[in-house]
Structure formats: C-alpha cells, structure tokens
Amino acid sequence: MILITGSTGLLGSTLVPKFKAQGRAVATHARQANADYTADLSSKNETFSLLNKLKPSVIINLVGLTSVERCQDYANESYLINTRTVENMAQWIIETEANAHLIQISTDQVYDGACEHTEDQITLTNNYAFSKYAGELAALRVPSTILRTNFVGRSKVGNRESLTDWVYNSLTSGKHVQVLKDVYFSPLSMATLVEMIELVVEKKPLGIFNLGSHDGMSKADFDFAFADYLNLPTATMTRIDASQATFLKAYRPKDMRMDNSKFENTLGVKLPSLIDQIKSVAKEYDAIT
Ligand SMILES: NC(=O)c1ccc[n+]([C@@H]2O[C@H](COP(=O)([O-])OP(=O)(O)OC[C@H]3O[C@@H](n4cnc5c(N)ncnc54)[C@H](OP(=O)(O)O)[C@@H]3O)[C@@H](O)[C@H]2O)c1
C-alpha cells in the first residue's frame with residue numbers, strides 16, 4: 001500500500017487523483033482534514049500510531065511548510081514540519097524494521113550560484129532550505145529516494161495557489177505584479193512530476209536526485225512566456241531585480257537550475273525542456289479561458 005502524506009496540498013491535488021485513477025492501493029493523509037487519515041507527523045506518537053496501523057510499503061511524503069517567509073520568521077516551525085516529520089517517519093522504519101521505501105519531496109532552494117547544479121553543489125541560504133536539507137539527511141537514514149524539485153501548474157485545491165495560478169489570476173484581473181529577472185529556475189509541470197514519481201515508485205532508486213526541466217530560465221522570462229501562450233495582457237507585469245523586490249524579506253537563491261543527468265541516467269528517461277513544460281501547463285489554463 002502507498003501512503004501519501006501531506007496529500008491535501010498543491011502537489012497532492014494532482015498526484016492523488018492520478019494514483020487513484022490508476023487503481024493503485026493508496027491511503028491519503030493530512031494534518032487537519034480531507035484525507036483518509038489525519039495525524040500531526042511532527043509528533044512521534046502520532047506518526048508511529050498511523051504507520052503501525054497502515055504498514056505502508058511506500059510512503060510518498062508531500063508534507064511541508066513551503067512559505068519561505070514563514071520558515072524564516074518561525075525557524076522552529078520550519079524544523080518541525082520540514083525536518084522532524086521526516087525524522088519520525090525514518091525512525092519508524094528503523095525501529096520497526098519495516099520493509100518500506102520513503103520518497104521524500106525536497107526542493108531546488110538548496111542551490112544558489114550561477115550554474116545548472118549537480119546534487120553535491122549545495123548552498124543553503126534561508127531557513128526553508130536548511131530545514132528541507134535536514135529532512136533529506138533524515139530520509140537518507142532509511143531506504144529512500146529524495147527528489148529535489150520545483151513545480152508549476154494549475155492547482156486543484158482551493159486554498160493553494162501555484163506560481164502559474166498567481167500569474168494567471170493577476171493578469172486576468174489586471175493586477176500589477178513585479179516579476180524577477182535575475183532569479184533562475186528549472187521547474188517541471190506537476191503532471192510531469194507525478195509521472196516521474198510513478199516511475200520512482202516502480203524502480204525505487206536510492207539516493208538524492210535533481211528532478212527538473214532542461215533549459216531553465218528566469219522567473220520573469222517564464223512568466224512572460226506563460227502569459228504569451230495564453231494571450232494574456234502583460235501591461236501590468238513589470239520585470240525587476242530581486243534586490244528591488246521589497247515584498248520579499250527572506251533571501252531567495254538567484255539560481256536554482258538543476259542538472260538532471262543523474263535522474264535521467266538512472267531511470268532511463270529524458271526530461272522535457274522548460275519551454276515545453278510552459279506550453280503544456282498553459283493548456284491546463286486554456287480550458288478555463
Ligand atoms: N510548492 C512548491 O512550489 C514546491 C516547490 C519545491 C518543493 N516543494 C515541496 O513539495 C512538497 C509538497 O509541496 P506542496 O506545495 O504540495 O505543499 P502544501 O500545499 O503546503 O501542502 C502541505 C501538506 O502538508 C501537510 N502538513 C503540514 N504540516 C504537517 C504536519 N505537521 N503533520 C502532517 N501533515 C502536515 C498539510 O496538511 P494540512 O493542510 O492539513 O495542514 C498539507 O497536506 C513539500 O515537501 C515542499 O517542500 C514544493
């Protein structure tokens with residue numbers, strides 16, 4: 001059985017319906033509601049009680065505190081949600097000698113500095129990155145696949161907006177937005193990411209893997225290209241440098257692009273270019289325009 005923890009969030013909103021449609025034996029979890037099971041996984045007791053009941057063979061861990069600003073302001077909360085939860089799950093696998101594989105979703109925020117980063121080129125610059133990296137170290141104590149990623153696409157959950165939701169909603173309502181021309185990334189669409197997670201469930205490769213698109217670009221170029229594919233008006237969107245972004249308090253890495261060779265070589269797949277991912281994500285919004 002596959003347990004999907006943190007299933008009610010942004011990524012879970014694409015992953016859960018796809019896995020269920022495939023007829024997989026899936027149990028969903030969240031902290032508060034709208035899932036088969038609820039538990040606060042920062043509590044060792046609640047984690048052990050859930051895992052003892054379900055005895056999953058695979059755990060796909062989507063639990064996270066993803067607000068970079070909140071992680072910066074509340075360091076212990078970021079530790080509890082991004083690190084302690086993984087420590088508890090890994091400890092359950094160790095103490096009960098469970099035959100379970102952990103798939104840990106991590107982040108491209110562990111990188112900075114101008115290049116396509118390989119897995120060993122870590123630069124930690126904010127509490128979100130520190131707490132996610134510490135979560136990786138916890139996951140490495142047990143049989144696990146750690147996927148460093150970033151993703152875009154249409155959210156299927158009301159209270160969580162993706163980057164592309166934000167651009168779409170802002171431009172269709174004529175809101176003025178500033179987009180960063182000196183921050184680079186290489187995300188996948190959630191649809192592609194979920195396909196790759198399916199592959200990881202089958203093959204269970206061990207270790208840390210970058211999982212992004214090829215030919216990353218600046219966030220500003222991404223936002224304009226996305227708007228262009230949807231013929232959205234862009235007069236209200238302005239390119240700025242991160243140093244001018246007064247709305248960002250915590251430091252953001254300037255370059256999070258990833259070298260995906262290890263994932264591609266190990267899993268035998270070719271990942272798409274970012275421009276191709278933008279085209280396919282735009283189609284998700286085309287359906288509502
Ligand atoms: N969003 C991005 O752009 C992005 C980019 C790169 C990597 N990631 C990583 O991808 C993963 C999924 O991200 P997401 O955007 O889908 O997250 P999300 O929308 O914020 O959802 C987080 C999930 O974690 C659960 N959760 C939070 N604290 C918990 C706790 N103490 N115990 C148990 N469950 C808890 C939440 O449940 P409740 O709602 O019930 O509290 C929710 O189901 C995260 O690990 C994140 O770090 C995200």
Side-chain angles (χ1 to χ4, degrees), residues 3-17 27-51 59-71 74 76-89 102-111 126-136 138-139 144-167 183 185-190 193-194 196-197 209-213 219 222 252-253 256-258 277 281:
L3 171 62
I4 304 171
T5 53
S7 66
T8 56
L10 182 56
L11 183 54
S13 77
T14 293
L15 190 140
V16 171
T28 59
H29 153 274
R31 179 171 43 181
Q32 290 163 55
N34 304 321
D36 299 336
Y37 299 91
T38 54
D40 179 350
L41 300 181
S42 65
S43 150
K44 186 178 174 188
N45 281 347
E46 290 194 33
T47 305
F48 273 52
S49 152
L50 177 76
L51 296 177
I59 303 169
I60 305 177
N61 181 30
L62 310 182
V63 169
L65 180 62
T66 56
S67 162
V68 174
E69 298 296 341
R70 188 156 181 97
C71 287
Y74 299 93
N76 195 53
E77 187 182 339
S78 76
Y79 160 69
L80 289 174
I81 299 179
N82 291 331
T83 311
R84 174 87 67 84
T85 53
V86 193
E87 289 175 337
N88 287 338
M89 285 182 248
L102 176 61
I103 300 174
Q104 169 65 12
I105 306 302
S106 193
T107 177
D108 59 357
Q109 290 253 345
V110 298
Y111 299 122
N126 58 40
N127 283 349
Y128 176 62
F130 268 93
S131 59
K132 291 297 290 183
Y133 183 67
E136 295 183 358
S144 59
T145 311
I146 292 149
L147 301 174
R148 289 193 187 137
T149 191
N150 197 345
F151 49 84
V152 292
R154 196 170 153 203
S155 172
K156 297 175 187 66
V157 62
N159 58 349
R160 278 287 280 131
E161 202 180 47
S162 69
L163 172 64
T164 43
D165 293 331
W166 174 75
V167 174
V183 171
F185 71 156
S186 56
L188 286 174
S189 71
M190 283 192 273
L193 177 55
V194 166
M196 294 304 124
I197 294 173
F209 297 88
N210 289 339
L211 180 49
S213 53
K219 291 208 166 182
F222 173 94
R252 300 299 200 283
M256 296 163 282
R257 288 174 298 162
M258 296 184 285
Q277 291 289 270
V281 165

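Numbers for residues simply follow the sequence, beginning at 1. Just so you know, these numbers use all the heavy atoms, side chains as well, and skip hydrogens, waters and symmetry mates. One-based numbering, in listed order, for ligands and for the atoms of each.
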When you compare ligand 1 with Arg31, is there at least one nitrogen or oxygen pair between them that comes in under 3.5 angstrom? yes
List every atom of ligand 1 that sits less than 4.0 Å from any heavy atom of Leu11, numbering the atoms from 1 in the order shown and giving each element. 16 (O)
Decide whether an N or O pair under 3.5 Å exists between Leu10 and ligand 1. yes
Under the 3.5 angstrom rule, does the side chain of Ser42 hit a backbone N or O of Ile81 as a donor-acceptor pair? no
Would you mind checking which non-hydrogen protein atom is closest to atom 19 (O) of ligand 1, with the distance to 0.1 Å? Arg160 NE, 2.6 Å
Please state which part of His29 comes within less than 4.0 Å of ligand 1, counting heavy atoms only: side chain, backbone, both or neither. side chain
Polar side-chain atom of Asn82 near backbone of Lys132 as donor-acceptor pair, under 3.5 Å: no
Provide the number and element of each atom of ligand 1 under 4.0 Å from a heavy atom of Thr8. 37 (O), 39 (O), 42 (C), 43 (O)
Can a donor-acceptor pair be found, under 3.5 Å and without considering hydrogens, that links the side chain of Asp108 to the backbone of Asn150? no
Return yes if some donor-acceptor pair links the side-chain N/O of Glu46 with the main-chain N/O of Ala39 below 3.5 Å, else return no. no
Under 4.0 Å from a heavy atom of Lys132: which atoms of ligand 1 are those, numbered in the order shown and with their elements? 44 (C), 45 (O), 46 (C), 47 (O)
Is there a donor in the side chain of Thr85 and an acceptor in the side chain of Asn88, or the other way round, less than 3.5 Å apart? no
Within the side chain of Thr28, is there an N or O that forms a donor-acceptor pair under 3.5 Å with the backbone of Ile4? no
Please determine if Ile81 has a nitrogen or oxygen closer than 3.5 Å to a nitrogen or oxygen of ligand 1. no
For ligand 1, which atoms have a heavy atom of Ser106 less than 4.0 angstrom away? 7 (C)
Sub-4.0 Å atoms of ligand 1 with respect to non-hydrogen atoms of Ala39: 32 (N), 33 (C)
Which residue holds the protein heavy atom closest to atom 22 (C) of ligand 1, what is that atom called, and what is the gap in Å? Gly64 O, 3.7 Å
Would you mind checking which non-hydrogen protein atom is closest to atom 32 (N) of ligand 1, with the distance to 0.1 Å? Leu41 N, 2.9 Å
Is a side-chain N or O of Asn61 found less than 3.5 angstrom from the main chain of Gln104, in a donor-acceptor match? no
So which heavy atom on Pro253 is nearest to which on Val183, and how close? O-CG1, 3.6 Å
Considering both backbone and side-chain atoms of Asp40, is one of its nitrogen or oxygen atoms within less than 3.5 Å of a nitrogen or oxygen in ligand 1? yes
Check each heavy atom of Tyr128 against ligand 1 and say whether those closer than 4.0 Å belong to the side chain, the backbone, both or neither. side chain
Give a yes or no on whether a salt bridge exists between Glu69 and Arg252, defined as a side-chain N under 4.0 angstrom from a carboxylate O. yes
Does Ala33, backbone or side chain, put an N or O under 3.5 Å from an N or O of ligand 1? no
May I ask you to identify the nearest protein heavy atom to atom 21 (O) of ligand 1, giving residue, atom name and distance to one decimal place in Å? Gly9 CA, 3.3 Å
shortest atom 26 (N) of ligand 1-to-protein heavy-atom contact is with Val63 CG1, 3.8 Å
Considering only heavy atoms of Thr149, which atoms of ligand 1 have at least one such atom less than 4.0 Å away? 6 (C), 7 (C)
Considering heavy atoms of the protein only, find what lies nearest to atom 25 (C) of ligand 1 and give residue, atom and distance to 0.1 Å. Gly6 CA, 3.8 Å
Indicate whether any N or O donor in one side chain lies under 3.5 Å from an N or O acceptor in the other, for Ser213 and Gln277. no
Using a cut-off of 6.0 Å, state whether more than 12 heavy atoms not belonging to Tyr74 lie near its atom OH. no
Short N or O distance, Thr85 and ligand 1, threshold 3.5 Å exclusive: no
If only atom types and distance count, is the side chain of Ser131 paired as donor or acceptor with the main-chain N or O of Tyr128 below 3.5 Å? yes
Tell me whether Ser155 contacts the main-chain N or O of Arg160 through its side chain, where contact means a donor paired with an acceptor under 3.5 Å. yes
Is a side-chain N or O of Ser13 found less than 3.5 angstrom from the main chain of Leu10, in a donor-acceptor match? yes
Record the part of Ile105 in heavy-atom contact with ligand 1 below 4.0 Å; permitted values are side chain, backbone, both and neither. both
shortest atom 3 (O) of ligand 1-to-protein heavy-atom contact is with Asn150 OD1, 3.6 Å
For atom 2 (C) of ligand 1, what is the closest protein heavy atom, and at what distance to 0.1 Å? Phe151 CZ, 3.5 Å
Evaluating non-hydrogen atoms only, which member of Thr66, Leu62, Ile4 is closest to atom 12 (C) of ligand 1? Leu62
